[in-house]
Amino acid sequence: MSTEPTGRVSPIEALSPASRAYGTIDVRSEHPRWGMAVDLERCVGCWSCAVICKSENAVPLGMWWNRILTDGAALDTPSSDDRGGHDLHWVPLACQHCDDAPCQKVCPTSATWTNAEGVVLVNQDDCIGCRYCMAACPYGVRVFNWGDSEYPVPEGTGMVAPRPVGSVEKCTLCVHRLAENQVPSCVWSCPAQARIFGDLEAPESRLVQMLESRNPTILLEEKGTHPKVSYLQPRRRRPLLAVAAATEIETEIDSGEGS
Amino acid sequence: MSTIDAVVSGAGGVGLAAREGRRSGRGWNVWVGLLVTGLVIGFGSFVYQWSAGLTVTGLSNTITWGLYIVAFMFLVGISAGGLIVVAGAELAGTHRFEHVNRLAVVCSVAAVATAAGTILPDLGRPQMAWKMLVQPHLTSPLVWDMAVLSLYLVIGVVDLWILTRRPVPAKSLRVMAIVSLPVAILVHSVTAWIFGLLVARPFWNTPLLAPLFISSALVSGTALVIATAAIVERLTNFVVGGAVYRGLRRLLLWFVAADAFLLFTEVMTTFVSGEPDHREQLDVLLTGRLAPVFWAEVTIGLLLPAMILVFTNTRRWIVTASVLLLAGVFAKRINILFAAEFDPLVGLAPGIPGGRPGQPFRPDEIYLPSWVELGVLTGMVAFFCTIVTIGVRYAVLPHQDEDPVLD
Ligand code: SF4
Ligand code: SF4
Ligand code: SF4
């Protein structure tokens with residue numbers, strides 16, 4: 001199973017107690033339901049979380065469990081909106097750990113399952129590689145082991161065992177770290193602290209508080225999948241009314257200059 | 001496509017053998033040689049793919065299902081012929097198709113068996129397929145389909161057994177007709193629901209998908225019976241009789257009309273008022289990358305044969321129209337599958353990782369099956385033809401003189 005530890009020494013273990021403390025989950029209720037928020041205001045699109053995810057979870061070359069999409073532009077060239085500002089933000093995308101997960105419903109062998117803490121997982125021992133879950137996931141976050149895995153270093157990477165050829169894998173919310181009361185790797189490593197991880201059942205957790213105080217959105221809400229990953233919308237965007245007023249002023253200045 | 005070729009050549013070989021009236025005729029030997037070659041190519045490709053992984057296919061994390069699934073949908077569809085000719089005629093109280101009923105059921109059994117076999121090479125880990133049997137997850141349409149397809153296969157075999165009894169036990173035939181009709185409707189609906197129940201794929205996620213699969217199945221199933229009957233008739237002393245063609249032509253006209261209507265209402269509703277996601281995936285067909293296939297499907301695979309069927313009534317033209325309709329339905333399967341896959345819901349740059357070392361991010365521009373996939377397909381065609389050959393040889397030809405021929 002993908003969650004079995006490999007016995008390697010985690011770089012985090014090797015770090016100072018302060019680093020370990022930094023990665024400790026803030027509060028944990030009696031029956032936790034893990035969730036995450038990505039603060040789009042803070043995300044700088046550096047791909048640190050995507051890369052550490054690969055090394056933490058032994059994700060082979062060519063495959064990604066976590067990647068950074070660009071909303072509002074082709075690749076990473078910012079486009080201008082009609083207000084003259086940059087209309088672009090990053091959307092880090094990994095498994096949304098849907099409460100009503102379409103991938104799980106269609107899996108013919110129950111290889112895809114949800115653990116007691118709400119984490120959607122794939123049991124590779126049971127996966128027959130039909131890729132039905134990939135057709136069913138609206139977010140396109142599952143990847144398939146097409147052939148033999150290749151790693152940037154011959155001995156491979158990762159704190160968990162690699163998955164067999166012909167099976168499907170995806171973000172596990174770093175369950176092996178949750179067991180040690182550590183936040184997922186991508187959360188720990190984000191240099192902009194754009195990722196907030198926590199227990200959705202604990203009102204005093206930072207995650208729940210952020211979700212209450214900010215403007216969270218979820219991806220493809222209309223599909224009814226109820227993801228446990230939310231996106232906090234940037235606050236720096238000018239509200240629409242202010243934009244309209246500003247545009248008017250600009251127009252006036254323009255026409256004033258023109259006459 | 002190749003299935004049709006295969007049916008043509010398959011029946012041809014049988015015909016040669018039958019005409020010569022002995023099992024060891026030259027045509028028979030050539031035919032058996034072809035079948036064995038096809039099976040060896042298919043099996044070899046499958047084993048190679050199994051050892052190397054699906055990396056040797058043209059599939060990716062965007063186009064996760066390809067030729068095998070197109071073939072699966074098509075094969076399930078063409079299995080409808082046996083039911084129409086046996087159960088449909090039985091319930092309608094007509095004896096018009098009695099002469100081809102065994103042939104039709106043989107085709108159905110071959111189609112269902114091959115369809116089931118098609119799933120195996122599509123799996124990443126065929127060695128794990130048994131898990132589907134010992135721990136089936138009951139909410140998965142794939143599990144439902146496995147159940148109804150198995151049931152359908154059993155019904156087909158029992159039907160064939162009944163039809164080769166002399167005299168044919170009329171009561172059993174009637175019971176089987178009543179049992180098989182709902183199962184057949186389920187087979188095509190459940191196959192549609194494999195796709196149609198996915199919120200992730202707006203183009204599939206329409207209530208019309210099951211009716212569309214049923215209408216396409218009726219069209220391709222009937223067309224297959226006509227085409228196969230014509231070939232067997234041409235190459236053997238097997239006589240079908242004009243009444244069968246004319247009767248099937250009338251049925252086919254109704255089926256084509258229903259199929260065209262359902263397709264039109266689906267496209268029209270989505271085009272005028274569909275959700276943006278659904279509309280975008282439809283645009284892949286109307287004006288996008290699949291437009292050539294889609295418009296070929298509509299013109300050459302649907303309108304042209306419909307016109308032929310309306311205005312002509314000769315054997316030659318009915319058979320021509322049937323072959324075109326089979327090609328049209330195959331194109332339709334391609335269009336349905338890839339319209340949703342080419343345009344994933346979350347399509348933001350840089351896209352979905354290709355999946356192999358060095359493969360870039362992005363939804364694929366196009367999907368082309370690899371040689372391995374074509375090799376496996378060759379094997380499936382050979383498998384289909386082998387079953388048809390055995391069926392024709394041992395179930396169809398032996399009793400042909402006992403059937404009434406209506407001209
Ligand atoms: S995001 Fe996709 S893979 Fe993850 S739980 Fe939801 S449907 Fe499943
Ligand atoms: S590929 Fe594996 S996890 Fe996905 S649906 Fe099939 S058996 Fe389940
Ligand atoms: S939670 Fe763990 S597995 Fe999931 S994206 Fe983050 S690092 Fe990768």
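Note on naming: letters A, B, ... go to the chains in the order of the sequence lines (proteins, then strands), and numbering restarts at 1 for each one. Nothing here was measured: the structure is a model prediction, and the numbers come from that model.
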Winner by heavy-atom pair count (cut-off under 4.5 Å) against chain A, out of B/Q127, B/M146, B/M128: B/M128
Among A/V119, A/T172, A/L121, the one residue meeting side chain to side chain contact (heavy atoms under 4.5 Å, CB included) with A/H97: A/V119
Leading residue by heavy atom contact count with chain B [cutoff under 4.5 Å; candidates A/D126, A/N145, A/V143]: A/D126
Part of A/V141 within contact of chain B (heavy atom distance under 4.5 Å): neither
Heavy-atom proximity to chain B below 4.5 Å, by part of A/I68: backbone
Salt bridge (Lys or Arg N to Asp or Glu O under 4.0 Å) between A/R195 and A/D39, intermediate numbers included: CA-CA 6 Å; A/R195 288 178 176 265; A/D39 190 345; over 6 Å; no
Side chain to side chain contact (heavy atoms under 4.5 Å, CB included) assessment of A/D148 paired with A/V165: CA-CA 6 Å; A/D148 287 332; A/V165 179; 3.5 Å; yes
Chain A contact via B/L348 - which portion, at a heavy-atom distance below 4.5 Å: both
Exercise: identify the closest heavy-atom pair between A/L200 and A/W34: CD1-O, 4.1 Å
Under 4.5 Å from a heavy atom of chain B, the part of A/C130 involved: both
Contact origin within A/R131 toward chain B - heavy atom pairs under 4.5 Å: both
Top contributor to chain B interface from A/L61, A/L219, A/L220 [non-hydrogen pairs under 4.5 Å]: A/L61
Minimum side-chain heavy-atom gap B/V190-B/L149 below 4.5 Å: no
Contact winner vs chain A - B/N61, B/L198, B/V199, heavy-atom pairs under 4.5 Å: B/N61
Which of B/P126, B/P136, B/S60 touches chain A most, by non-hydrogen pairs under 4.5 Å: B/S60
A/K54 NZ/CZ over A/W64 ring centroid, <6.0 Å and within 45° of normal: yes
NZ/NE/NH1/NH2 to OD/OE distance under 4.0 Å, A/E169 and A/R163: yes
Stepwise side chain to side chain donor-acceptor pair (under 3.5 Å) test for B/T55 and B/R356: CA-CA 7 Å; B/T55 184; B/R356 298 164 177 88; 3.0 Å; yes
Most chain A-contacting option - heavy-atom pairs closer than 4.5 Å, from B/L197, B/D277, B/T64: B/T64
B/N205, part contacting chain A, at a heavy-atom distance under 4.5 Å: neither
Largest heavy-atom contact set with chain B, pairs under 4.5 Å, which of A/P102, A/C127, A/S149, A/P60: A/C127
Validation row: A/R177, A/W188 side chains within 4.5 angstrom (heavy atoms): yes
Intermediate values then yes/no, side chain to side chain contact (heavy atoms under 4.5 Å, CB included), A/I218 and A/Y231: CA-CA 6 Å; A/I218 52 174; A/Y231 292 85; 5.9 Å; no
Toward chain A, the part of B/L59 with a non-hydrogen atom under 4.5 Å: both
Test side chain to side chain donor-acceptor pair (under 3.5 Å) applied to B/E373 and B/T57, step by step: CA-CA 6 Å; B/E373 282 169 281; B/T57 65; 4.5 Å; no
Side chain / backbone / both / neither for A/P108 at chain B, heavy atoms under 4.5 Å: both
Interface moiety of B/I194 toward chain A, non-hydrogen atoms closer than 4.5 Å: both
Part of B/P360 within contact of chain A (heavy atom distance under 4.5 Å): neither
